[in-house]
Amino acid sequence: MSERAEHRDRLRAQEFEAFVAGAGGRLLHTATLLTAEPPEPPGANVRARRLLSAALARTYADWDRSHGGDPYDLARRELALRFAREARQHRRPRGGVLGRLTPVERLVLVLRMYEEVDEERTAALLGLPADRVRAVCARAVAALRSPGSRGGSARPAPVPRGTP
């Protein structure tokens, strides 16, 4: 490998490490909210950490192609898509407040309320119409406000199929 290529790879790794150092905590919190795992005690959110590691690995693989774009947006998108794929396969109830929600309700609520992604971008990311995102978000908020309910509709919302 040439010196120039080695320097480029070293620089790429340093940029990515700086990104993870700055955004890793928030991304882990987002993954923990998505998986509805408890953040405490340390290490309790194993599924969230595994989800984040896979999303960051993909983000690193696409790092060179994403220059000029927002790396946080890329990592968040990958995190959301991986969660949606995983939720399609495993529909186990989770603990905690958000655990009462279906995976899609949790995903929409975390993107809209915690990550502050606007309705149109959330819809585009999930491959859903904007009015569906609005309805899922409203249903999730209502479910969280009503004490003792399961936290969702009688029938779980389907996970979007058109996601990559």
Side-chain angles (χ1 to χ4, degrees), residues 19-20 22-39 45-164:
F19 163 71
V20 172
R26 183 170 172 99
L27 287 168
L28 178 59
H29 190 71
T30 299
T32 301
L33 289 172
L34 289 173
T35 59
E37 292 178 303
N45 54 354
V46 175
R47 196 166 150 240
R49 290 176 184 276
R50 194 172 52 243
L51 182 67
L52 178 59
S53 293
L56 287 175
R58 177 59 185 243
T59 302
Y60 184 70
D62 292 343
W63 192 256
D64 289 336
R65 286 180 283 190
S66 70
H67 257 18
D70 181 8
Y72 185 84
D73 193 42
L74 179 66
R76 181 181 54 214
R77 180 179 193 279
E78 186 61 33
L79 191 64
L81 294 177
R82 283 185 178 277
F83 174 76
R85 270 185 240 122
E86 185 179 301
R88 202 177 298 131
Q89 297 167 352
H90 311 286
R91 287 199 179 238
R92 294 173 268 169
R94 298 284 170 202
V97 175
L98 295 182
R100 300 182 327 182
L101 303 176
T102 67
V104 171
E105 289 170 341
R106 218 170 30 242
L107 180 56
V108 167
L109 192 70
V110 168
L111 288 173
R112 294 281 296 123
M113 302 298 175
Y114 179 72
E115 287 291 322
E116 298 178 353
V117 177
D118 66 46
E119 208 169 79
E120 290 76 27
R121 286 184 62 200
T122 300
L125 175 69
L126 300 178
L128 297 172
D131 60 338
R132 174 93 168 113
V133 168
R134 188 177 315 112
V136 169
C137 190
R139 185 175 62 228
V141 169
L144 290 176
R145 286 184 178 154
S146 69
S149 73
R150 179 196 68 78
S153 63
R155 196 178 90 230
V159 176
R161 295 203 180 266
T163 56

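Any value given below was found using the heavy atoms of this structure, including those in side chains, with hydrogens, waters and symmetry copies removed.
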J.: Both conditions, 6.0 Å and 45 degrees, for the charged tip of R26 above the ring of Y114: are they met here?
T.: yes
J.: Can you see which heavy atom on A23 is nearest to which on Y72, and at what distance?
T.: CB-CD1, 3.6 Å
J.: Less than 4.5 Å apart, any side-chain heavy atom of R76 and any of L111?
T.: yes
J.: When you compare the side chain of L125 with that of V117, does any pair of heavy atoms fall below 4.5 Å?
T.: no
J.: Quick one: pull up CG in L128 and CG in L107 and give me the separation to the nearest 0.5 Å.
T.: 9.0 Å
J.: Enter the distance from R77:CZ to E115:CD here, rounded to the nearest 0.5 Å.
T.: 14.5 Å
J.: Is the closest side-chain heavy-atom distance between D73 and R121 below 4.5 Å?
T.: yes
J.: How many angstroms lie between OG1 in T35 and CZ in R50, if you round to the nearest 0.5 Å?
T.: 9.5 Å
J.: When you measure from the side chain of R100 to the backbone N and O of A143, does any donor-acceptor pair fall under 3.5 Å?
T.: yes
J.: Taking the side chain as everything from C-beta on, heavy atoms only, tell me whether E86 gets closer than 4.5 Å to P103.
T.: no
J.: Please report the shortest heavy-atom distance between L51 and R82, naming the atom on each side.
T.: CD1-CB, 3.6 Å
J.: Out of curiosity, L109 CG to R139 CZ, how far, rounded to the nearest 0.5 Å?
T.: 11.5 Å
J.: Where is the tightest heavy-atom contact between L98 and R106, given as atom of each residue plus distance?
T.: O-CD, 3.4 Å
J.: Would a 4.5 Å heavy-atom cut-off, applied to side chains only, mark L33 and F83 as touching?
T.: no
